[in-house]
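Note on naming: letters A, B, ... go to the chains in the order of the sequence lines (proteins, then strands), and numbering restarts at 1 for each one.
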Amino acid sequence: MVKVVLPELGEGIRKATVSYWFFKDGQKVKEKEDLVELTTDKATFNLPSPCSGVISEIMYSEGDSVEVGQILAVINEE
Amino acid sequence: MKFQVLDLGLSEYLDALTWQKELHAKVVNLELDAALIFCRHFPVITLGRKASEASLKASKDEITGRRIKLFYVDRGGDVTYHGPGQLTVYPIINLRNFKQDLHWYLRTLESLVIACLRDFGLSAGRKEGLTGVWIADAKIAAIGVAVRQWVTYHGVTINVKKNDLDNFGLIHPCGMDIQVSSLEDFLKKEINIRDVQSSLLDKFNRMFKVGNITLGGRDGESSFAGVGGRD
């Protein structure tokens, strides 16, 4: 199980908004594919999947605010 | 450093987006260190990730009836208008070579525009919490960026010509009711967009410490000779 956490996006950036999920629960994702798009201020940031596998849980919906270090999704590695 | 500058001239929004994605892939694959795309757009309204239909004042029919295209795009920010009286620049920059910091990048773009406007005798600044460049209470440049694999795309639009701002009346720029202005409005004279482009290119060149610049238009031909290189 790999936990995908919100990474550091810059100095003083404590949180970001989930603006778009490229996948849904239960779907297969490959390593480095865009997994989720995050927005802070007037910038969007695409977070790639850290591994290949099946997404077992998406913790935040589009529009939710997430803090750095919090778990965005869990992937069952293949 | 391999740094490519493209001048697309007057172009369709989606054509410029295709160029951005192509050059973005080259920078991600390290075939290029960075690229800048300069263009002016045919009238278009784009809605960023924060936008909703409430960001539009006019109906979609009214907008398309005015021959203005409408697109949802994957940049940050709300709604904005692009037209031929503006200079748009799309920097494709690998932030790993500078600072992996989204807000640093936004503030850097603002500072480059502020420096460019200073070349025209204008004193512009920021507004706390409102990304963009302002002169007094009027917005003169809009910013909205996207970052994939720490390489940037989308970018900055500067309002240059005074007669291209009416279409902002169709939207709530950035989702708010704000005043929008142009270089010509403030300077009370005609401004050549190409001169703004030369100044802005110089600022990018200094900031991102590029080496030899490959100047090229659509066909790889130099379309703004006399600009480029380092001091």
Handout entry: Flag if over 12 foreign heavy atoms under 6.0 Å of NZ, A:Lys30
Key = no
Exercise for the section: Grab the two heavy atoms, one from B:Leu106 and one from A:Thr40, that are nearest each other, plus how far apart they are. Expected result: CD1-O, 4.5 Å
Handout entry: Electrostatic pair A:Asp41-B:Arg107, nearest N-O below 4.0 angstrom
Key = yes
Practice task
Identify which part of A:Glu62 has an atom lying under 4.5 Å from any heavy atom of chain B, answering side chain, backbone, both or neither.
Solution key: neither
Handout entry: Residue B:Lys162 excluded, over 12 heavy atoms near NZ under 6.0 Å
Key = no
Exercise for the section: Tell me, please, whether A:Phe45 has B:Arg148 positioned over its six-membered ring: NZ or CZ under 6.0 Å from the ring centre and within 45 degrees of its axis? Expected result: no
Problem - Residue B:Asp137 excluded, over 12 heavy atoms near CG under 6.0 Å - result: no
Problem - Audit row: B:Val147, A:Leu9, side-chain contact (heavy atoms from CB on, under 4.5 Å) steps and yes/no - result: CA-CA 11 Å; B:Val147 180; A:Leu9 298 174; over 6 Å; no
Problem - Exceeds 12 heavy-atom contacts within 6.0 angstrom, atom NZ of B:Lys57 - result: yes
Practice task
Output the distance between atom CG (A:Leu38) and atom CZ (B:Arg49), rounded to the nearest 0.5 Å.
Solution key: 11.0 Å
Handout entry: Residue pair A:Glu8 / B:Trp150: nearest heavy atoms and the distance that separates them
Key = O-CZ2, 4.0 Å
Practice task
Return yes when atom NZ of B:Lys161 has more than 12 non-hydrogen atoms of other residues, nucleotides or ligands closer than 6.0 Å, and no otherwise.
Solution key: yes
Exercise for the section: Heavy atoms only, distances under 4.5 angstrom: which of B:Leu102, B:Asp74, B:Asp78, B:Leu95 has the most pairs with chain A? Name it, please. Expected result: B:Leu102
Problem - Side chain to side chain, B:Trp104 and A:Glu11, heavy atoms closer than 4.5 Å - result: no
